[in-house]
Amino acid sequence: MMASPALRIADMSFAWPTQAAPCLDIAAFELARGERVFLYGPSGSGKSTLLALLGGVTLPQHGSIEVLGHELSRLSASARDALRADHVGFLFQQFNLLPWLPAIDNVLLPCAFSARRREQANSAGSPRAEAERLLARLDLDPSLWHQSAARLSVGQQQRVAAARALIGRPEIVIADEPTSALDAERQQAFVDLLLQESAAAGAALVFVSHDHRLAGHFDRSVALDTISRGATGMPEKSA
Ligand SMILES: Nc1ncnc2c1ncn2[C@@H]1O[C@H](COP(=O)(O)OP(=O)(O)OP(=O)(O)O)[C@@H](O)[C@H]1O
Ligand SMILES: [Mg+2]
């Protein structure tokens, strides 16, 4: 049997309840397994909205979104939650770390919500050993591993959030503009680390940014307005 792609979107449109016209209208988009794509578009064009749809957090009004061959709108809310927990690592725009929890326990959170990711993290000996390996790989000093997340700098929090997205080798890693707080040189270094670790885990990566300069090392670069009619925020022309 042919493996399904990591992600597939077909004839999908979505509007927030307050919007008269769809902010996203995508005829076709596909991400192969292991493929690493850079997705860019201006602020407000719907990038974060698209990621919420890919994660099954919200559902489109029309069309289909498949994650690893599962059509999201055919799943119950709890099945979508389980699919996301097992197979998708999220790196949020604001990181969403639990501030009072030590860095390493933030990294371990996905293993608490998914037996699959817990088992895959065991390949390093234990989930904790895998969390330590990832934090070391992302250059977070061991003296900070047991520091609460709130006490870390923005760049350090970002690396903790990246380790959390990667732990347990999810097939899909989704990163929403995680570099905006860093200077250009550190941004590129962080992107390179994320690319390397995604490749090592065999994960497909969707990396979203409005900063096109970061596109260089990805397999593919996609402008949101070339796949979505709604992405410019302009009213749609009637056919
Ligand atoms: N929860 C929401 N409820 C209603 N409208 C929303 C909601 N979230 C986003 N929008 C609207 O949807 C459009 C796309 O927003 P979105 O956050 O996806 O843009 P973005 O491309 O991620 O922007 P940025 O680069 O600033 O992060 C905007 O017009 C925004 O006002
Ligand atoms: Mg956004």
Side-chain angles (χ1 to χ4, degrees), residues 6-31 36-67 72-73 77 80-81 84 88-97 154-155 157-162 164-166 170 172-184 186-188 190-191 194-195 198 204-218 220-237:
L7 298 169
R8 179 189 281 142
I9 299 175
D11 291 324
M12 186 278 289
S13 71
F14 174 81
W16 291 102
T18 49
Q19 293 174 328
C23 72
L24 288 171
D25 185 350
I26 298 179
F29 176 77
E30 215 170 278
L31 181 74
R36 296 162 306 160
V37 69
F38 183 85
L39 182 71
Y40 65 99
S43 179
S45 60
K47 302 183 299 297
S48 296
T49 302
L50 177 59
L51 300 189
L53 288 159
L54 294 175
V57 181
T58 42
L59 289 175
Q61 280 88 15
H62 299 286
S64 94
I65 299 177
E66 281 176 29
V67 174
L72 293 181
S73 57
R80 289 199 306 275
D81 288 345
R84 182 172 57 244
V88 185
F90 262 99
L91 177 41
F92 295 96
Q93 204 162 8
Q94 311 295 337
F95 311 144
N96 295 13
L97 299 175
V154 173
Q157 289 184 41
Q158 176 192 49
R159 284 173 277 156
V160 172
R164 184 179 62 179
L166 290 161
I172 302 169
V173 173
I174 290 180
D176 192 357
E177 205 135 44
T179 54
S180 44
L182 301 182
D183 60 63
R186 282 177 152 273
Q187 277 184 17
Q188 191 60 62
F190 177 78
V191 167
L194 199 58
L195 282 164
S198 305
L205 173 67
V206 183
F207 187 99
V208 158
S209 177
H210 59 249
D211 187 355
H212 192 214
R213 289 173 303 176
L214 295 170
H217 300 164
F218 288 77
R220 185 155 59 113
S221 174
V222 174
L224 186 55
D225 65 2
T226 63
I227 58 166
S228 173
R229 276 168 298 200
T232 58
M234 301 289 285
E236 278 188 89
K237 285 193 201 127

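In this chain, residues are counted from 1 in sequence order. Remember, it's 1-based here, ligands and their atoms both numbered in the order they're listed.
The shortest distance between side-chain heavy atoms of Ser228 and Ile26 falls below 4.5 Å. Using a 4.5 Å cut-off on side-chain heavy atoms (C-beta onward), Phe29 and Val222 make contact. When side chains are defined from C-beta on, Gln187 counts as touching Leu214, because their heavy atoms get closer than 4.5 Å. Leu224 has its side chain within reach of Leu24: a pair of non-hydrogen atoms, C-beta onward, lies under 4.5 Å apart. Arg80 places none of its side-chain heavy atoms less than 4.5 Å from the side chain of Val67. Looking only at side-chain heavy atoms (C-beta outward), Arg84 and Ile174 stay at 4.5 Å or farther from each other.
Ligand 1 lies out of reach of Ala52, whose nearest heavy atom is not under 4.0 Å from it. Within the 4.0 Å heavy-atom cutoff, Ser45 counts among the residues contacting ligand 1.
Counting heavy atoms closer than 4.0 Å to ligand 1, residue Thr18 contributes side-chain atoms (C-beta onward) but none from N, CA, C or O.
Using the six-membered ring where Trp is involved, Phe90 and Phe92 have ring planes that are parallel, under 30° apart on the 30 and 60° scheme. Between Phe38 and Phe207, the ring planes are parallel. Angles under 30° get that label, and only those over 60° would be called perpendicular.
The protein atom (non-hydrogen) at minimum distance from atom 7 (C) of ligand 1 is Trp16 CE2, 3.3 Å. Looking only at protein heavy atoms, the nearest one to atom 16 (P) of ligand 1 is Thr49 OG1, 3.6 Å. At the shortest separation from atom 27 (O) of ligand 1 among protein heavy atoms lies Gln93 NE2, 3.0 Å. For atom 26 (O) of ligand 1, the closest non-hydrogen atom on the protein side is Ser43 OG, 2.6 Å.
Taking every heavy atom of Glu177 and a limit of under 4.0 angstrom, the matching atoms of ligand 1 come to 25 (O), 27 (O). Set against the non-hydrogen atoms of Lys47, the atoms of ligand 1 under 4.0 Å away are 18 (O), 19 (O), 20 (P), 21 (O), 22 (O), 23 (O), 24 (P), 25 (O). In summary, the atoms of ligand 1 found under 4.0 Å from a heavy atom of Pro42, numbered by their order in the structure, are 21 (O). Set against the non-hydrogen atoms of Gln19, the atoms of ligand 1 under 4.0 Å away are 11 (C), 12 (O), 13 (C), 29 (O).
Atom 3 (N) of ligand 1 is approached by the protein to below 4.0 angstrom, counting heavy atoms only.
Considering only non-hydrogen atoms, atom 23 (O) of ligand 1 lies nearest to Gly44 out of Pro17, Ser48, Gly44.
The minimum heavy-atom distance between Cys23 and Thr49, with the atom names listed, is SG-CG2, 4.0 Å.
Looking at Gly46 next to ligand 1, an N or O pair under 3.5 Å apart turns up. Geometrically, ligand 1 and His210 share no nitrogen or oxygen pair separated by less than 3.5 Å.
For the atom pair CZ of Arg220 and CZ of Arg36, the computed distance is 12.5 Å after rounding to the nearest 0.5 Å.
Not one N/O/S atom of Thr49, from backbone or side chain, sits under 2.8 Å from the Mg ion (ligand 2).
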